[in-house]
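Inspection log for the structure reproduced underneath, given as structure tokens.
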2 protein chains.
Amino acid sequence: MSHVLGHELRVTLLRLARRVRAERADDAMSDARLSVLFALFNEGAQTLGSLSEHERVTPPSMNRTINSLVESGIVTRVSDASDGRKVTIDLSPEGRRLVKETRRKRDAWFASRLASLNPDERAALDAAAPILRRLADQ
Amino acid sequence: MSHVLGHELRVTLLRLARRVRAERADDAMSDARLSVLFALFNEGAQTLGSLSEHERVTPPSMNRTINSLVESGIVTRVSDASDGRKVTIDLSPEGRRLVKETRRKRDAWFASRLASLNPDERAALDAAAPILRRLADQ
DNA sequence: TATTGTTATACTCTATAACTATA
DNA sequence: TATAGTTATAGAGTATAACAATA
């Protein structure tokens with residue numbers, strides 16, 4: 001792959017990702033909030049400290065985000081029984097529903113784009129997907 | 001392409017884009033500011049209204065962002081000679097340098113990832129790049 | 001004494017409403 | 001009167017510093 005094609009591919013990835021991210025379940029749900037919900041959905045209930053590390057924000061910042069999510073009834077905050085300093089954050093049923101709905105909308109948007117491709121083109125993306133995945137995981 | 005693979009590809013794109021975006025020329029340059037600089041670099045000098053539409057923020061919001069960029073010497077604000085209501089925003093030499101440096105850093109980061117692939121894998125990405133591009137442009 | 005979370009405070013980016021200058 | 005930009009004000013998300021509770 002040439003430098004030029006590497007650049008093109010990178011720019012394309014950024015643009016495509018921007019479009020996908022615009023597909024939310026609810027416009028009132030910001031990127032920061034939604035990202036927390038996906039972390040809880042994918043990796044399960046966690047302490048506030050764990051979440052702040054995962055999202056790479058400070059504990060006070062995550063605390064404020066969690067406060068607003070708790071007020072909205074989207075996550076729950078429970079004190080740890082064995083260590084009183086810790087709190088466990090988890091999705092409420094409403095939070096879980098919201099994650100699923102957002103995921104469904106994004107998948108549907110992306111699938112509608114893929115539907116315009118011919119079989120050869122889809123095969124090319126099929127082949128590229130695991131390679132891109134490895135790049136992201138590196 | 002199956003639904004499952006579509007979902008995987010979409011998630012991978014989001015993760016990869018997040019990693020690329022983290023590569024900035026200068027950590028003091030936020031996403032909002034940098035996005036304005038890239039718009040000016042790619043599409044040339046524009047009015048404030050045009051920029052606010054492009055970035056999908058309100059004019060007052062864009063105005064504030066432009067104020068701070070002008071104060072930092074990164075863009076210039078010039079009144080239109082033929083229509084006194086309009087102002088034209090453009091990159092300063094420093095702004096242009098910053099865009100190029102950011103682009104270089106992101107390309108370098110991405111190239112270092114691509115370097116770990118074998119020729120077949122690079123060929124697969126080569127084939128996928130124009131297809132992804134079409135998806136993004138749709 | 002170290003760890004976990006929270007509160008206090010401030011800065012940036014966003015918005016809506018109201019205003020100024022120009023066409 | 002309509003348009004382009006700006007100012008006033010407020011809310012969300014980020015940070016650092018200081019504090020409280022618990023181990």
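All chains are named by letter (A, B, ...) in the order of the sequence lines, taking the proteins before the strands, and each is independently numbered beginning at 1.
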Exercise. List in numerical order all residues of residues 63-71 of chain B for which some heavy atom is under 4.0 Å away from an atom belonging to DNA chain C.
Key: R64(B), T65(B)
Practice problem: Could you please name the option among dG13(D), dT6(D), dT6(C) that lies closest to any side-chain atom of P59(B)? | Solution: dT6(D)
Self-check item: Out of dT14(C), dA23(C), dT14(D), whichever nucleotide has its closest atom nearest the side chain of D83(B)
Solution: dA23(C)
Quiz item: Between D31(A) (CG) and dT14(C) (P), how many Å, whole number?
Solution: 12 Å
Quiz prompt | Minimum-distance nucleotide (side-chain atoms of R85(B) versus dA4(D), dG5(C), dG5(D)) | solution = dA4(D)
Quiz prompt | Salt-bridge criterion met for R96(B) and D90(B) (N-O under 4.0 Å) | solution = yes
Quiz item: What integer distance in Å separates M29(B):CE from dC13(C):C1'?
Solution: 14 Å
Practice problem: Answer yes or no: is there an ion pair linking E101(A) with K105(A), defined by an N-O contact shorter than 4.0 Å? | Solution: no
Exercise. Whole angstrom is fine here: how far is it from CG in L48(B) over to P in dG5(D)?
Key: 5 Å
Quiz item: Roughly, in whole Å, what's the span from CG in D80(B) to P in dT6(D)?
Solution: 13 Å
Exercise. Among T88(A), L69(A), V70(A), find the one that has a side-chain contact (heavy atoms from CB on, under 4.5 Å) with R77(A).
Key: V70(A)
Quiz item: When the nearest nucleotide of DNA chain D is assigned to V87(B) and to R33(A) on a heavy-atom basis, which residue is associated with the more 5' position?
Solution: V87(B)
Practice problem: Please state how far atom CE in M62(A) lies from atom C1' in dA12(D), giving the value in whole angstrom units. | Solution: 14 Å
Quiz prompt | Sole candidate of L117(A), D120(A), L114(A) that passes side-chain contact (heavy atoms from CB on, under 4.5 Å) when paired with I131(B) | solution = L117(A)
Practice problem: Considering just the side-chain nitrogens and oxygens of T58(A), establish if one lies under 4.0 Å of OP1 or OP2 belonging to dT14(D). | Solution: no
Quiz prompt | Same apolar cluster (I L V M F W Y, side chains within < 4.5 Å links), V20(B)/L9(B) | solution = yes
Quiz item: Is a salt bridge present between R122(B) and D126(B), judged by a nitrogen-to-oxygen distance below 4.0 Å?
Solution: no
Practice problem: When you get a sec, tell me which of dA4(D), dG5(D), dA8(D) is the closest nucleotide to the side chain of P60(B)? | Solution: dA8(D)
Quiz item: How long is the line joining CD1 of I89(B) and P of dG5(D), in whole Å?
Solution: 8 Å
Quiz item: Contact class for S82(B) (heavy atom, under 4.0 Å): base, sugar-phosphate, or nothing?
Solution: sugar-phosphate
Exercise. Look at the side-chain heavy atoms of Ile, Leu, Val, Met, Phe, Trp and Tyr, link any pair under 4.5 Å apart, and say whether L91(A) and I66(A) land in one connected group.
Key: yes
Quiz item: When you check the phosphate oxygens OP1 and OP2 of dT12(C), does a side-chain N or O of S30(B) lie under 4.0 Å from one of them?
Solution: no
Practice problem: Find the distance K86(B):NZ to dA23(C):C1' and express it as a whole number of Å. | Solution: 10 Å
Quiz item: Nearest of dT6(D), dG5(C), dG5(D) to any side-chain atom of R77(B)?
Solution: dT6(D)
Quiz item: Given atom CG of L51(B) and atom C1' of dT6(D), what is their separation to the nearest angstrom?
Solution: 16 Å
